[in-house]
Amino acid sequence: MKIYNSYTDQLEDFIPKHPGKVGMYVCGPTVYNFIHIGNARPVVFFDTVRRYFESKGFDVTYASNFTDVDDKIIQKAFEENIPELELSRFYIDAFLKDIASLNCKTDYIQPKVTEYMQHIIDYIQALIDKEYAYIIEGDVYFRVSKLKDYGALSNRDIDELISGSRVNVNELKENPLDFTLWKKTSEGINFDSQFSEGRPGWHTECVAMIDDIFGEEIDIHGGGTDLKFPHHENEIAQSKVIHNHRVAKYWMHNGRLSMKDVKMSKSIGNVILVKDFEYKMPLRYFLLSTHYRSPLNYSEESFLMYVKEFEKLENTYKSVFFKLDIEDAFDDNKEIQNEEILLTINDFNENMDNDFNTANAITALQALLKFVNQNIRKPNNLEILNEAYLALKYMMDILGLVVSISRIKKEDRAIYKEWQSARKSKDFSTADGLRKTLVEKGVL
RNA sequence: GGACCCUUAGCCAAGUGGUAAGGCACGGGACUGCAACUCCCCCACCGCCGGUUCAAAUCCGGCAGGGUCCUCCA
């Protein structure tokens, strides 16, 4: 299994730290708003990564944080005249609801900044003790210049960064690149610490949480490419000082989603919120249809294709499910023997093994759909259909695509058979009536 | 201004040296009592110009267009 490691910028064999186990962490949202479909890309993708690892039998520990202390949260809470924590709690719930609607698992470890304050403060203190951080008037900054290989992840050179810097120079800092670990403030929600009354900068939380949850270098750290610098670079800087490792062995960065070629972001305002978006499963399908490292462009025209493609998946899944159900021919424990199906599964797995190439994995899925549709009208084919159904379910489970359909009741099965015989005897008025009944019952 | 990336058919999208996967749309067939679904066939000299090589969409250089980061943003 190969993963593109953005730390080394190359495809590498995945070797877990502990055989059979995977520890992964993905940067989560700052909860001050509903998420848009661009926000959903990393969530859906890394959920798929998790699903694939689990399908291969790995014991996956998956953590993703909620940043519930932040200037934007404070501002929004002030605007709405409610406590910060009430606001963040509301948007955490909304987030979990939204990602659940995209069939992302929500049973992962969800650390929050407010619950990690002491860890964060201790972490900052440890940096100070090692003289990689300094306090000025209650603020605490990380001393970037003291670290030799700062910039290794994002391939940046400290000198170039300084010369190209357009950051407003904070006179208090030793160096313009030094980043804030703790900010003294009396505005909004704040916390007591030995440095001052204030709140933490956003770069320490992830690394303090990872330290507490995993206690060692993790296997995979994920997030959007926009977080590579400075956020992930800063995580690494702090971790190098405290633990002498780079947080994660494999760094994975997903490309961004843009809107008609303009980056979708809350500040531009060109957003489609997940909660308002009608096509949940097609959205998941769409997000996985392009390789995760490539940028993805949303337009109504191209999205409609994915709506159609998902409909086809839905139709095919339902038809094979129905066929097996009506014949009472489900066998979940059947071993797949059909060569064509096995080759397709193999193709699917090889592509997933190759840096989670979901675009090509979906191609394998499409081949399977064609196989099902080619075989579904052939007689005496239930064994093969059952195998194809199991393969279909396997792929859909990994991609996290669901089609809702339930088993047929006995009485409905009888009606269905009546309908079929009425058709056979060309009694079309009876047949149409029976079909109508079945449609009303939701069987067809 | 600096660093980096991308450009494949009408649209989306794989492919990283050996001669262009797949999907959607279009067109042509088939199946069908009607409808829906479905199946088969058809559909590309890989932004432009040069170079390296027996061989390039794939490597190198230039040009054009688009993007990301350097600043809050997944």
Side-chain angles (χ1 to χ4, degrees), chain A residues 9 11 26-30 32-33 35-46 64 67 70-72 75 95 151 154-157 159-168 177 202 222-231 233 253-258 261-268 271 285-286 289-291 293-316 318-319 322 347 351 354 357-367 369-378 422-429 431-432 435 439 444:
Chain A
D9 285 320
L11 214 53
V26 178
C27 286
T30 300
Y32 67 101
N33 216 331
I35 59 165
H36 61 248
I37 60 176
N39 294 316
R41 165 118 104 144
V43 183
V44 165
F45 172 68
F46 287 107
S64 185
T67 301
D70 174 272
D71 288 356
K72 279 185 191 154
Q75 196 193 327
F95 174 85
S154 51
N155 299 315
R156 274 161 226 257
D157 185 87
D159 296 336
E160 278 173 5
L161 278 170
I162 293 169
S163 65
S165 174
R166 301 192 312 205
V167 187
N168 296 336
L177 289 183
W202 70 299
T225 66
D226 55 309
L227 295 179
K228 211 169 174 184
F229 186 89
H231 186 237
E233 201 68 73
H253 293 278
N254 64 276
R256 311 241 338 168
L257 181 105
S258 57
D261 293 321
V262 179
K263 183 173 78 171
M264 182 180 294
S265 76
K266 291 170 196 167
S267 40
I268 297 175
V271 297
Y285 193 104
F286 166 73
S289 66
T290 297
H291 187 92
R293 280 189 277 122
S294 304
L296 214 194
N297 195 35
Y298 174 88
S299 72
E300 228 170 89
E301 186 197 5
S302 60
F303 188 79
L304 276 175
M305 301 191 310
Y306 294 100
V307 173
K308 276 187 186 166
E309 284 182 44
F310 183 75
E311 269 172 16
K312 182 169 174 176
L313 169 67
E314 216 171 8
N315 287 336
T316 306
K318 282 183 176 170
S319 63
F322 185 77
D347 186 34
N351 280 117
N354 184 22
N357 193 330
T358 52
N360 278 344
I362 284 175
T363 298
L365 173 69
Q366 288 168 335
L369 295 184
K370 183 166 282 188
F371 178 85
V372 170
N373 284 320
Q374 282 167 335
N375 283 282
I376 200 149
R377 283 168 210 201
K378 293 181 187 166
R423 286 179 67 196
K424 228 172 231 169
S425 54
K426 300 202 189 272
D427 180 1
F428 297 126
S429 59
D432 288 350
R435 180 171 66 184
V439 169
L444 288 182

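Below, chain A is the first sequence line, B the second, and so on; all start at residue 1. Hydrogens, waters and symmetry mates play no part in the numbers below; they use all other heavy atoms, side chains included. From a predicted model like this one, the values you see are computed outputs, not experimental measurements.
Between A:W202 and A:H231, the angle of the ring planes stays under 30°, which puts this pair in the parallel group of the 30/60° scheme. Ring geometry for A:F310 against A:Y285 counts as perpendicular: the plane angle is over 60°, on a 0 to 90° scale with 30° as the lower cut.
With hydrogens and angles left out, the side chain of A:R156 and the base of B:C4 share no donor-acceptor pair within 3.5 Å. Under 3.5 Å, the side chain of A:N360 and the base of B:G22 form no donor-acceptor pair of N or O atoms. Contact annotation: side chain of A:R435 to base of B:C34, donor-acceptor pair present below 3.5 Å.
Here A:P42 lies in heavy-atom contact (under 4.0 Å) with a base. Within the 4.0 angstrom heavy-atom criterion, only backbone atoms of the sugar-phosphate kind lie near A:N357; the bases stay farther away.
Rounded to whole angstrom, the span from the CD1 atom of A:I376 across to the P atom of B:U38 amounts to 11 Å. Distance A:Y306 OH to B:A14 C1': 11 Å, rounded to the nearest Å. The CD atom of A:Q366 sits 10 Å away from the P atom of B:G22 (whole-angstrom rounding). Counting to the nearest Å, the P atom of B:A36 and the CZ atom of A:F322 are 19 Å from each other. Rounding to whole angstrom units, CZ of residue A:F303 and C1' of B:A25 are separated by 17 Å. In this structure, A:E314 places its CD atom 14 Å from C1' of B:A36, rounding to the nearest Å. The nearest whole Å value for the distance from the CG atom in A:L257 to the P atom in B:A13 is 11 Å. Protein atom CD of A:E301 is 13 Å distant from nucleotide atom C1' of B:C26, rounded to whole Å.
Here B:C37 sits opposite no nucleotide as a Watson-Crick or G-U wobble pair (both hydrogen-bonding atom distances under 3.5 Å). Across every strand in view, B:C48 sits in a pair with B:G62 that passes the Watson-Crick or G-U test at under 3.5 angstrom. Base pairing analysis places B:C24 opposite B:G10; the two distances defining the Watson-Crick or G-U wobble pair are each below 3.5 Å. Searching all strands for a Watson-Crick or G-U wobble partner of B:C54 with both distances below 3.5 Å returns B:G18. Pairing for B:U32 is absent, with no Watson-Crick or G-U wobble pair whose two atom distances lie under 3.5 Å. Applying the Watson-Crick and G-U wobble criteria (two distances, each under 3.5 Å), B:C4 pairs with B:G67.
Regarding contacts with the backbone of B:C39, a side-chain N or O of A:N373 is found under 4.0 angstrom from either OP1 or OP2. The phosphate of B:C4 (OP1 or OP2) has no side-chain N or O of A:K228 nearer than 4.0 angstrom. The phosphate of B:C40 has OP1 or OP2 within less than 4.0 Å of a side-chain N or O from A:Q374. Between A:K312 and B:C24, a side-chain N or O to OP1/OP2 separation shorter than 4.0 Å is present.
Side-chain proximity of A:D432 to B:C73, B:G23, B:G33: nearest is B:G33. Nearest nucleotide to the A:S302 side chain, out of B:C70, B:C11, B:U38: B:C11. Distance from the side chain of A:K72 is smallest for B:C72 among the nucleotides B:C72, B:A21, B:C11. Of all nucleotides listed (B:C72, B:C24, B:G22), B:C72 comes nearest to the side chain of A:W202. When each of B:A74, B:A13, B:C11 is scored by its nearest atom to the side-chain atoms of A:L227, the top-ranked nucleotide is B:A74. Side-chain atoms of A:M305 lie closest to B:C24 of the nucleotides B:C34, B:A74, B:C24. Side-chain proximity of A:F229 to B:C69, B:A13, B:A74: nearest is B:C69.
Spacing of P atoms, B:C60 relative to B:A56, comes out at 15 Å, to the nearest Å. As rounded to the nearest Å, B:U53 and B:C40 have C1' atoms that lie 41 Å from one another. Rounded to a whole angstrom, the distance from the C1' atom of B:G18 to that of B:A57 is 13 Å. When the C1' atom is compared between B:A13 and B:A44, the two are found 14 Å apart, to the nearest whole Å.
A donor-acceptor contact shorter than 3.5 Å links the side chain of A:S64 to the backbone of A:V26. Judged purely by atom type and a 3.5 angstrom limit, A:R41 uses its side chain to pair as donor or acceptor with the backbone of A:G255.
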Worked check of side chain to side chain contact (heavy atoms under 4.5 Å, CB included) between A:V43 and A:F95: CA-CA 10 Å; A:V43 183; A:F95 174 85; 4.0 Å; yes
Side chain to side chain contact (heavy atoms under 4.5 Å, CB included) assessment of A:D347 paired with A:N360: CA-CA 8 Å; A:D347 186 34; A:N360 278 344; over 6 Å; no
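Looking at which nucleotide of RNA chain B each of A:T225 and A:Y285 is closest to, the 5′-most match is held by A:Y285. Across the interface with RNA chain B, nearest-nucleotide mapping of A:K308 and A:I362 shows A:I362 to be the residue nearer the 5′ end.
Between A:D432 and A:R435 there is a side-chain heavy-atom pair separated by less than 4.5 Å.
Remark: the A:D9 side chain and the A:N155 side chain contain an N/O donor-acceptor pair separated by less than 3.5 Å.
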